[in-house]
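First comes the structure, then the notes that go with it.
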Amino acid sequence: MSQKRVVVGLSGGVDSSVSAALLLEQGYEVIGVFMRNWHDESVVINQECPWIDDSNDAMLVAEHLGIPFQVLDLSGEYKKRIVEYMFEEYKNGFTPNPDVLCNREIKFDVFLDEALKLGADFVATGHYVRKEAVEVDGVTEYRLMSGRDANKDQSYFLCQLNQFQLSKALFPIGDLEKSEVRRLAEAGGLVT
């Protein structure tokens, strides 16, 4: 059996960093990708550009783990699918939930498509959520389940993923507490 390839959304944070490290330990071929979702510096406070620091942290993690790394600019799609939607919802008197939409439209749609172009079998993120596969009438169905850490559970933010998206998703830290993730990062020498 050939090694499965996973593209990990490396955000520059501890959760995605540990996710990449765990997948390596499990024998996957791992590629780290930083998703640049915002490009308009005109709305940045104090001339700071936090995505650059996050991207650098993600790159340092990839280098430490010895995995390929690239930055993927999704800012055009993010503006069109998330930002314009938020403005339209506010204009109509509704309260949008951009996190739910970003996961469905960006991380597990546009990003997933790009990962598949890289030959990925799966994409992985640092979400605190679990997934199980069950057989229903001879067909595999995927269920999204709460993360083990009740204080960090992010299943709500992934509630709109479809079966195809779930079939391609891995959540390596879903069975861990945040304190365990931090401990693993420290033990592994990760800068995050």
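- Here the straight-line distance linking atom CG of Leu60 with atom OG1 of Thr192 works out to 9.5 Å at 0.5 Å rounding.
- Heavy-atom minimum distance, Ile67 versus Gly32: CD1-N, 3.8 Å.
- With sequence neighbours excluded, no residue forms a side chain to side chain donor-acceptor pair (under 3.5 Å) with Ser19.
- Looking at heavy atoms from C-beta onward, Val61 lies out of side-chain contact with His64 at the 4.5 angstrom threshold.
- Atoms CG and CZ, on Leu23 and Arg5 in that order, are 14.0 Å from each other to the nearest 0.5 Å.
- Below 30°, between 30° and 60°, or above 60°: for Phe122 and Tyr28 the angle between ring planes is above 60°, a perpendicular geometry.
- In this structure a side-chain-to-backbone donor-acceptor pair under 3.5 Å is missing from Arg36 to Leu72.
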Could you pull out every donor-acceptor pair under 3.5 Å between side chains of residues 6-15 and any protein atom, sequence neighbours left out?
| residue | atom | partner | partner atom | Å |
| --- | --- | --- | --- | --- |
| Ser11 | OG | Gly13 | N | 3.1 |
| Ser11 | OG | Ser16 | OG | 3.2 |
| Asp15 | OD1 | Tyr128 | OH | 2.6 |
| Asp15 | OD1 | Lys178 | NZ | 3.0 |
| Asp15 | OD2 | Lys178 | NZ | 3.2 |

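- Going from atom CD of Glu114 over to atom CG of Asp73 covers 10.5 Å, rounded to the nearest 0.5 Å.
- In this structure, the side chains of Leu112 and Lys107 stay at 4.5 Å or more apart for every pair of heavy atoms.
- Residues Phe164 and Lys168 have side chains in contact (heavy-atom distance under 4.5 Å, counting atoms from C-beta outward).
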Evaluate the side chain to side chain contact (heavy atoms under 4.5 Å, CB included) criterion for residues Leu22 and Leu176: first the C-alpha distance (whole Å), next the side-chain angles of each, then the deciding distance (0.1 Å), finally the verdict.
CA-CA 11 Å; Leu22 289 172; Leu176 301 175; 3.9 Å; yes
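- One distance of note links CD of Gln154 with CG of Asp149; it measures 9.5 Å at 0.5 Å rounding.
- With side-chain heavy atoms closer than 4.5 Å counting as contact, directly or through intermediates, Phe94 stands alone and belongs to no larger hydrophobic cluster.
- Of all heavy-atom pairs between Phe34 and Ser55, the closest is CE1-N, 3.6 Å.
- Rounded to the nearest 0.5 angstrom, Leu158 CG and His127 NE2 are separated by 4.5 Å.
- Other residues, nucleotides and ligands place no more than 12 heavy atoms under 6.0 Å from the CD atom of Glu63.
- Between Phe108 and Thr125, some side-chain heavy-atom pair lies under the 4.5 Å cut-off.
- A salt bridge does not link Glu186 with Arg183: none of the charged nitrogens is closer than 4.0 Å to a carboxylate oxygen.
- Annotation: side chain of Arg148 is in contact with side chain of Glu180 (closest heavy-atom distance under 4.5 Å).
- The cluster map of Ile, Leu, Val, Met, Phe, Trp and Tyr, joined by side-chain heavy atoms under 4.5 Å apart, puts Phe157 and Met145 in different clusters.
- The 12-atom threshold is not exceeded at OH of Tyr156, counting heavy atoms of other residues, nucleotides or ligands nearer than 6.0 Å.
- Counting heavy atoms from C-beta on, the side chains of Gln70 and Leu118 come closer than 4.5 Å.
- In this structure, Met86 CE and Thr95 OG1 are separated by 11.5 Å, a value rounded to the nearest 0.5 Å.
- Taking both residues in full, the closest heavy atoms of Glu135 and Thr140 are given as OE2-OG1, 2.7 Å, listed atom of the first, atom of the second, then distance.
- Judged by distance alone, the side chain of Lys131 and the main-chain N or O of Phe171 form no donor-acceptor pair under 3.5 Å.
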